[in-house]
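Shown next, in structure tokens, is the structure this report addresses.
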Amino acid sequence: LVACCAALGGLIFGYDIAGAGATFVMDGFQEHFGWECAADSIDCVPATEGEKDRDKGLINGLFGVGATIGAIINPYVAEEYGRRPCLTLSNLVFIVGASIQTYSPEMWVMWLGRVFSGMGVGMLSMCVPVYITECAPEHRRGVLGTLWQIAVTSGILIASACNLGLKNWSDGWRLSYGGNILFSVLFLGCLAFMPESPRWLAANADEERLKESLAKLRYEEEIESEVKELKEEVEDDRGIGVATWSEVCSTDNNMRWRLMVGCSFQGIQQLCEINAIMFYAPDILNTFFTESEAIYGTFGLNGINF
């Protein structure tokens, strides 16, 4: 249950991926930001293709910029104050960003909101998988860790399903950007009952708090042995100290090879361009089909992705 609640962060992320891209082909969005002229408008000059491309690029690009900032901030907050405070801050920052996007009277306000929502998602992307694996029993870590990715693809699918109806409403685009506020508020409510990470408590709090956390996550007969194990791990880590960059890149214990494998997986995922497809699928399909057909086609694509 704790892992499922934490995975709500993935729903927030996934919803944003699918929600934003579909707005590019919605009449209400295009007319609101001056990309196209409404049927009853007078003296309206629609945006040029170059201006539209700039706006689309910044809507998606600034989200990535915000996510980078969030990912950089996250380790300090998560290590200094704990996983739960980090998750709380992540959701609050995201709600601010999503609210700004939903309100957006002008495009520059939308860009500002994208940075803030990106920060929230960047922090969630870093903290949620760590929190889940630290709370999970050792023999369940692999299974529960996959909940993050399942939640991301679920969020993409949910947003795509919502867009099928939202495209028919002039202000539907606002819910495409702000509908996941609901998931974020739900996440905040769950955090009130979720325990702090036992791993973080072992390193930063007294034993009593650690036992209280484990009492919610383990069978009673497992608590004492896990307290001892966590304390030993923390002491071992402190004895080893913080690795330098030269150690990370050294050939000892195949570290350089491990680094290359890890970076290659991350790099190849981006170079496959699946992120571009996810963000721009409705726009790409709209080149060949109608707005409605593009959104239905995107729903099919996201269903396969799920």
Side-chain angles (χ1 to χ4, degrees), residues 10-38 46-47 49 51-64 66-67 94 97-107 109-118 120-121 151-184 273-306:
L11 283 179
I12 295 167
F13 186 12
Y15 189 102
D16 201 286
I17 290 173
T23 61
F24 298 161
V25 298
M26 290 183 180
D27 292 337
F29 181 87
Q30 294 183 0
E31 292 171 7
H32 179 81
F33 290 107
W35 289 7
E36 301 293 343
C37 296
E49 288 302 315
E51 289 171 334
K52 293 178 187 177
D53 289 342
R54 176 205 62 195
D55 291 347
K56 293 173 187 176
L58 285 172
I59 285 172
N60 285 330
L62 289 174
F63 181 80
F94 176 80
S99 299
I100 292 173
Q101 292 172 78
T102 304
Y103 166 70
S104 294
E106 297 179 46
M107 186 56 75
V109 180
M110 171 65 73
W111 295 336
L112 180 66
R114 294 300 284 170
V115 174
F116 275 99
S117 63
V121 165
V152 172
T153 54
S154 298
I156 291 172
L157 190 61
I158 290 169
S160 285
C162 291
N163 286 332
L164 297 177
L166 294 174
K167 66 180 174 60
N168 301 317
W169 178 31
S170 61
D171 281 328
W173 63 270
R174 297 184 190 275
L175 286 181
S176 293
Y177 285 101
N180 44 0
I181 291 175
L182 176 63
F183 298 135
S184 202
E273 295 297 340
I274 186 59
N275 287 11
I277 299 296
M278 287 299 162
F279 277 116
Y280 291 102
D283 212 34
I284 295 168
L285 293 175
N286 193 217
T287 307
F288 309 99
F289 306 103
T290 66
E291 168 208 321
S292 181
E293 289 169 344
I295 291 178
Y296 274 102
T298 302
F299 177 70
L301 172 68
N302 292 332
I304 294 167
N305 178 59
F306 170 76

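- Ser104 OG to Trp173 CH2: the interatomic distance, rounded to the nearest 0.5 Å, is 5.5 Å.
- Using a distance-only test at 3.5 Å, with no hydrogens or angles considered, no donor-acceptor pair links the side chain of Ser184 to the main chain of Ile181.
- A salt bridge links Arg174 and Asp171; the closest N-O separation between the charged side-chain nitrogens and carboxylate oxygens is under 4.0 Å.
- With values rounded to the nearest 0.5 angstrom, Ile12 atom CD1 is found 9.5 Å from Leu182 atom CG.
- Checked against Phe24 for a side chain to side chain contact (heavy atoms under 4.5 Å, CB included), the options Asp55, Ile284, Asn286, Asn60 give a single hit: Asn60.
- Looking at Asn163, its side chain does come within 3.5 Å of a backbone N or O of Ala159 through a donor-acceptor pair.
- Between Pro105 and Val109, the closest side-chain pair of non-hydrogen atoms falls below 4.5 Å.
- The distance between the ring centers of Trp111 and Phe63 does not fall below 6.0 angstrom.
- The two residues Leu166 and Ser176 have their closest heavy-atom pair at CD1-OG, 3.6 Å.
- Counting heavy atoms from C-beta on, the side chains of Tyr15 and Ile158 come closer than 4.5 Å.
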- prompt: Where do Phe29 and Met110 land on the side-chain contact (heavy atoms from CB on, under 4.5 Å) test, with the steps shown first?
  reply: CA-CA 12 Å; Phe29 181 87; Met110 171 65 73; 4.2 Å; yes

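- Between Arg114 and Asp16, at least one side-chain N (NZ, or NE/NH1/NH2) sits under 4.0 Å from a carboxylate O, which counts as a salt bridge.
- For Gln30 (side chain) and Asp27 (main-chain N/O), no donor-acceptor pair under 3.5 Å exists by modelled atom type.
- Counting heavy atoms from C-beta outward, Lys52 and Glu36 have side chains that approach closer than 4.5 Å.
- Expressed to the nearest 0.5 Å, how far CD of Glu106 lies from NE2 of His32 amounts to 8.5 Å.
- The structure places CD1 of Ile277 at 13.0 Å from CD1 of Ile17, a figure rounded to the nearest 0.5 Å.
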task: Determine, stepwise, if the pair Asn180 / Phe94 fulfils side-chain contact (heavy atoms from CB on, under 4.5 Å).
output: CA-CA 9 Å; Asn180 44 0; Phe94 176 80; 3.2 Å; yes

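- Nearest heavy-atom pair across Ala18 and Asn302 is CB-ND2, 4.1 Å.
- Side-chain contact between Trp169 and Met26: absent, with no pair of heavy atoms (C-beta onward) separated by less than 4.5 Å.
- Listed for the Asn305 side chain is no donor-acceptor partner under 3.5 Å among the backbone atoms of Leu301.
- Nearest heavy atom pair, residue Gly57 against residue Tyr280, reads CA-OH, 3.6 Å.
- The structure places CD of Gln101 at 9.5 Å from OG1 of Thr23, a figure rounded to the nearest 0.5 Å.
- No salt bridge links Arg54 with Glu49; every basic N to acidic carboxylate O contact stays at or beyond 4.0 Å.
- Pairing each heavy atom of Leu11 with each of Ser154, the nearest pair is CD2-CB, 3.7 Å.
- Side-chain contact between Ile59 and Tyr177: present, with at least one pair of heavy atoms (C-beta onward) separated by less than 4.5 Å.
- Put simply, CG on Leu112 and CE on Met107 are 13.0 Å apart, with the number rounded to the nearest 0.5 Å.
- Here the side chains of Ser170 and Glu31 are not in contact, with every heavy-atom distance at 4.5 Å or above.
- Taking 4.5 Å as the limit, every side-chain heavy atom of Trp35 sits out of range of all side-chain heavy atoms of Pro46.
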